[in-house]
Amino acid sequence: MAWVLKMDEVIESGLVHDFDASLSGIGQELGAGAYSMSDVLALPIFKQEDSSLPLDGETKHPPFQYVMCAATSPAVKLHDETLTYLNQGQSYEIRMLDNRKMGDMPEITGKLVKSIIRVVFHDRRLQYTEHQQLEGWKWNRPGDRLLDLDIPMSVGIIDTRTNPSQLNAVEFLWDPAKRTSAFIQVHCISTEFTPRKHGGEKGVPFRIQVDTFKQNENGEYTDHLHSASCQIKVFKPKGADRKQKTDREKMEKRTAHEKEKYQPSYDTTILTECSPWPDTPTAYVNSSPSTAPAFTSPQQGTCSVPDSNSSSPNHQGDGVSQASSEQLQPSATIQETQQWLLKNRFSSYTRLFSNFSGADLLKLTKEDLVQICGAADGIRLYNSLKSRSVRPRLTIYVCQEQPSSPPLQSQQPASGGGDSGSGTPYVYHAIYLEEMVASEVARKLALVFNIPFHQINQVYRQGPTGIHILVSDQMVQNFQDESCFLFFTVKAENGDGIHIVLK
């Protein structure tokens, strides 16, 4: 009996030892050292389940790949996104590669696709005010674009297009079955969008994003296929090379242990998959000329600008009532404020001011609006809110002389209008000249006094001894501001039209 008990203890001891050994084996696999989920799934207890799990390549396979031929920075930590330095205005190749597996997306086989390449802000704060930032850049760099295609160097691209209203984007068609390379040039530099510009600032990063579309049933390229982007910084010419060299020298000075925390520098930059840019389907994807940006139609159709022909407060017709009706009132609701913004060509800011009533918008100072909308649109919005009209370059006061009028010496314009011998006061009209030319004087006189403009042959000024001096542009430029004139009309010598004589 004792022998049996002893054998039981030996067996039990052996089982415990085997169990401990098995646990220690797992401990070695999952101990304090680094491990990954693939190591865990490789254990025997997970072998059966592992065979049923789908692989990443089976669940998601991008149809295209875009590779930019520019080296990545070596000073980027392992788990951060790559960063690539570019020189301003230099051409960089982006290879457009077909990455489909056999049988993937047969609907685009043998057909063209459309890609839009754009340079956008990496910083979300700047993304929110992108339109204002780009408008400010456009104001400082008139006629320039942020992004261009180097067409002579590009290969396989067809029907390249740029939109004047979108300076940061280019588009083209290409055949995935053929070799395609688009050479791009970025003309903005990262320090142009930093708040302070005293030198030595850290420039803001940009993103190069490529969005690709196929045709829909109507033949328009609006069906999204793929999007990818990479992070870049743009320097003045040769600056990117110096920055790359500086980063490389810094990394060489680090210890081997520190270098393990950083990514190696690669000769090319692979754009990583991302969400499509929000406005890609509606911006200018379609090739039809009627598909302009949605905010252009209010500018042409609904905005009422006071006519520059209006010369006098008493002869502006409906211009005054229109201007007063278009002025934003403090009592305006949110919806009325949105309509006012659309009517006055601020449609791109309707979303930004979507919760603003009239009172909220009118409380903003000029500095607030410049900061929110950029210099150009900020000042324009401020002047529109305050209903500031353009100050005329010259103001003159004119009265039409009647045949029975007494001589000019009896007039008293300084006292608000003289009095004729019959007791009828002389009423002067203000004429505001935006251009200091003789033709502007004739046009404004015709408008104020209802004289057909085409019937006015010449405008004269009565000089000493009653001579008639032709009113030239130089004479108008020497008029004193707020001068007073009487004028009368005489028939032209040939009987065709009239002359106006100022006295």
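These values consider heavy atoms only, across backbone and side chains, with no hydrogens, waters or symmetry-generated copies. Note that the structure is a prediction, hence the values are computed from the model and not measured. We count residues from 1, following the sequence as given.
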J.: Between Gln209 and Asp211, do the side chains contain an N or O donor and an N or O acceptor separated by less than 3.5 Å?
T.: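 Gln209 vs Asp211: donor-acceptor pair found between side chains.
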
J.: Quick one: do Asp368 and Lys366 make a salt bridge, cutoff under 4.0 Å?
T.: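 No, this pair does not count.
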
J.: In terms of ring plane angle, is the pair Phe449 and His429 parallel, tilted or perpendicular, where the classes change at 30° and 60°?
T.: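 Ring orientation of Phe449 relative to His429: perpendicular.
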
J.: What's the separation between atom CD1 in Ile157 and atom CD1 in Ile151, rounded to the nearest 0.5 Å?
T.: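 Nearest 0.5 Å value for the CD1-CD1 distance: 6.0 Å.
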
J.: Parallel, tilted or perpendicular, judged at 30° and 60°: which one describes the rings of His224 and Phe213?
T.: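 Taking Phe213 first and then His224, their aromatic rings stand perpendicular (interplane angle over 60°).
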
J.: Can a donor-acceptor pair be found, under 3.5 Å and without considering hydrogens, that links the side chain of Thr268 to the backbone of Ala70?
T.: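 No, because the side chain of Thr268 does not come within donor-acceptor range (under 3.5 Å) of the backbone of Ala70.
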
J.: Is it true that a side-chain atom of Glu171 and a backbone atom of Arg161 form a donor plus acceptor pair closer than 3.5 Å?
T.: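 No.
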
J.: Under a 3.5 Å distance rule, please check whether Asp473 uses its side chain to pair with a backbone N or O of Ser439 as donor and acceptor.
T.: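 Not a single qualifying donor-acceptor pair exists.
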
J.: Report the C-alpha separation of Ile232 and Val234 in whole Å, then their side-chain angles, then the decisive distance to 0.1 Å, and conclude whether the side-chain contact (heavy atoms from CB on, under 4.5 Å) test is met.
T.: CA-CA 7 Å; Ile232 64 167; Val234 185; 3.9 Å; yes

J.: Examine Tyr349 together with Phe356 and report whether their ring centres are nearer than 6.0 Å.
T.: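 Judged by ring-centre distance (under 6.0 Å), Tyr349 and Phe356 do not meet the cut-off.
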
J.: Show your reasoning for whether side-chain hydrogen bond (donor to acceptor under 3.5 Å, both in side chains) applies to Trp174 and Ser115.
T.: CA-CA 8 Å; Trp174 60 287; Ser115 287; 2.7 Å; yes

J.: I'd like to know whether CG of Asn218 has more than 12 heavy-atom contacts from other residues, nucleotides or ligands below 6.0 angstrom.
T.: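 More than 12 heavy atoms, drawn from other residues, nucleotides or ligands, come within 6.0 Å of this atom.
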
J.: Minimum heavy-atom separation for Val113 and Pro176, please, with both atom names.
T.: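 It is CG2-CG, 4.0 Å.
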
J.: For the backbone of Tyr432 and the side chain of Lys444, can you confirm whether one donor and one acceptor N or O come within less than 3.5 Å of each other?
T.: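 Confirmed, Lys444 side chain pairs with Tyr432 backbone.
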
J.: Is any NZ, NE, NH1 or NH2 atom of the basic residue among Asp148 and Arg145 found under 4.0 Å from an Asp or Glu carboxylate oxygen of the other?
T.: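 Yes, this pair counts.
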
J.: Taking the side chain as C-beta and beyond, is there a heavy-atom pair between Lys236 and Thr191 under 4.5 Å?
T.: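 No - every pair of side-chain heavy atoms lies 4.5 Å or more apart.
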
J.: What are the two closest non-hydrogen atoms of Phe487 and Leu502, and how far apart are they?
T.: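 Scanning both residues completely, I find the closest heavy atoms to be CB-CD2, 3.6 Å.
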
J.: Decide yes or no on side-chain contact (heavy atoms from CB on, under 4.5 Å) for Thr365 and Val370, but give the supporting numbers first.
T.: CA-CA 9 Å; Thr365 64; Val370 168; over 6 Å; no

J.: Around atom CD of Gln474, are there more than 12 heavy atoms from other residues, nucleotides or ligands closer than 6.0 Å?
T.: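 Open.
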
J.: Output the distance between atom CG (Leu342) and atom OG1 (Thr337), rounded to the nearest 0.5 Å.
T.: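 Result: 11.0 Å between the selected atoms.
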
J.: Distance-only, no hydrogens or angles: does the Ser73 side chain make a donor-acceptor pair with backbone N or O of Val76 under 3.5 Å?
T.: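 Checking the backbone N and O of Val76 against the side chain of Ser73, no donor-acceptor pair under 3.5 Å is found.
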
J.: Run the numbers on Val490 and Ile498 for side-chain contact (heavy atoms from CB on, under 4.5 Å), then give the verdict.
T.: CA-CA 6 Å; Val490 295; Ile498 61 172; over 6 Å; no

J.: Do Gln185 and Gln90 pass the side-chain contact (heavy atoms from CB on, under 4.5 Å) test, and can you show the C-alpha distance, the side-chain angles, and the key distance before you say yes or no?
T.: CA-CA 6 Å; Gln185 298 171 338; Gln90 182 174 327; over 6 Å; no

J.: Is a donor on one side and an acceptor on the other found under 3.5 Å between the side chain of Glu440 and the backbone of Val437?
T.: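 No, because the side chain of Glu440 does not come within donor-acceptor range (under 3.5 Å) of the backbone of Val437.
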
J.: Working to the nearest 0.5 Å, report the span between NE2 of His187 and CG of Asn168.
T.: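 Answer rounded to 0.5 Å: 12.5 Å.
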
J.: With a 4.5 Å limit on heavy-atom distance, are the side chains of Arg380 and Arg345 in contact?
T.: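 Yes. Closest side-chain heavy atoms under 4.5 Å.
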
J.: Tell me whether the NZ or CZ atom of Arg242 lies within the 45° cone about the ring axis of Tyr85 and under 6.0 Å from its centre.
T.: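 So Arg242 doesn't make the cation-pi contact.
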
J.: Tell me the closest heavy-atom pair linking Asn355 and Ile334, and the distance in Å.
T.: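 Heavy atoms only, the tightest pair is O-CD1, 3.9 Å.
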
J.: Specify the closest pair of heavy atoms between Val459 and Ala442, including all atoms of both residues, with the distance to one decimal.
T.: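 In this case the closest contact between Val459 and Ala442 is CG2-CB, 3.9 Å.
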
J.: For Gln458, which residues count as a side chain to side chain contact (heavy atoms under 4.5 Å, CB included) partner, sequence neighbours excluded?
T.: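 Result, side chain to side chain contact (heavy atoms under 4.5 Å, CB included) vs Gln458: Tyr460, Leu470, His499.
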
J.: Counting only N and O atoms by type, is there a donor-acceptor contact under 3.5 Å from the side chain of Gln244 to the main-chain atoms of Thr72?
T.: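 Yes: the side chain of Gln244 pairs with the backbone of Thr72.
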
J.: With distance as the sole test, does Asn87 use its side chain to make a donor-acceptor pair with the main-chain N or O of Lys238 at under 3.5 Å?
T.: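 Judged by distance alone, yes, a pair lies under 3.5 Å.
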
J.: Check Ala332 against Ser357 and note the closest heavy-atom contact, atom names and distance.
T.: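 So the two residues come closest at O-CB, 3.6 Å.
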
J.: For residues Phe353 and Trp340, establish whether the separation of their ring centroids is below 6.0 Å.
T.: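 For Phe353 and Trp340, the ring centres are not under 6.0 Å apart.
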
J.: Taking 4.0 angstrom as the limit, do Arg393 and Asp481 come out as a salt bridge?
T.: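 So Arg393 does not pair with Asp481 through a salt bridge.
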
J.: How long is the gap from NE2 on His226 to CD on Gln65, to the nearest 0.5 Å?
T.: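 That separation rounds to 8.5 Å.
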
J.: With no hydrogens and no angle check, is any side-chain donor or acceptor of Asn99 less than 3.5 Å from a backbone partner on Pro63?
T.: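 Pair absent, no side-chain N/O of Asn99 close to backbone of Pro63.
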
J.: Between Thr212 and Tyr66, does a side-chain hydrogen bond (donor to acceptor under 3.5 Å, both in side chains) hold up when you go through it step by step?
T.: CA-CA 11 Å; Thr212 300; Tyr66 318 116; 2.6 Å; yes

J.: How about Val67 and Glu93: do any of their side-chain heavy atoms sit closer than 4.5 Å?
T.: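 Val67 does not reach Glu93 side chain to side chain.
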
J.: Below 4.0 angstrom, N of the basic side chain to O of the carboxylate: do Glu81 and Arg207 qualify?
T.: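 Yes, Glu81 and Arg207 are salt-bridged.
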
J.: Report yes or no: do Thr395 and Glu482 form a side-chain donor-acceptor pair below 3.5 Å?
T.: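 The answer is no; no qualifying pair exists.
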
J.: Between Val476 and Val441, is any pair of side-chain heavy atoms under 4.5 Å apart?
T.: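 They are in side-chain contact.
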
J.: Cys399: which residues meet the side chain to side chain contact (heavy atoms under 4.5 Å, CB included) condition with it, sequence neighbours left out?
T.: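 Result, side chain to side chain contact (heavy atoms under 4.5 Å, CB included) vs Cys399: Tyr426, Tyr428, Leu486.
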
J.: Rounded to the nearest 0.5 Å, what separates atom CD in Gln166 from atom CG in Leu147?
T.: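 Taking CD in Gln166 and CG in Leu147, the distance rounds to 11.5 Å.
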
J.: Could you give the distance from CE (Met153) to CZ (Phe183), rounded to the nearest 0.5 Å?
T.: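 Going from the CE atom of Met153 to the CZ atom of Phe183 covers 4.0 Å.
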
J.: Measure across Cys230 and Met68 and return the closest heavy-atom pair with its distance rounded to 0.1 Å.
T.: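 Looking at all heavy atoms of both residues, the shortest contact is SG-CE, 3.8 Å.
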
J.: Is there side-chain contact between Ile189 and Phe235, with heavy atoms separated by less than 4.5 Å?
T.: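 Result no, sub-4.5 Å side-chain heavy-atom pair not found.
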
J.: Under a 3.5 Å cutoff, is there a donor and acceptor pairing between the side chains of Thr84 and Thr269?
T.: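 Present: a donor and an acceptor within the cut-off.
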
J.: Is a side-chain N or O of Asp175 found less than 3.5 angstrom from the main chain of Leu112, in a donor-acceptor match?
T.: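 No; zero donor-acceptor contacts below 3.5 Å.
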
J.: Got Ile396 and Val398 here, is their nearest side-chain heavy-atom distance under 4.5 Å?
T.: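 Heavy-atom side-chain distance check passes, below 4.5 Å.
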
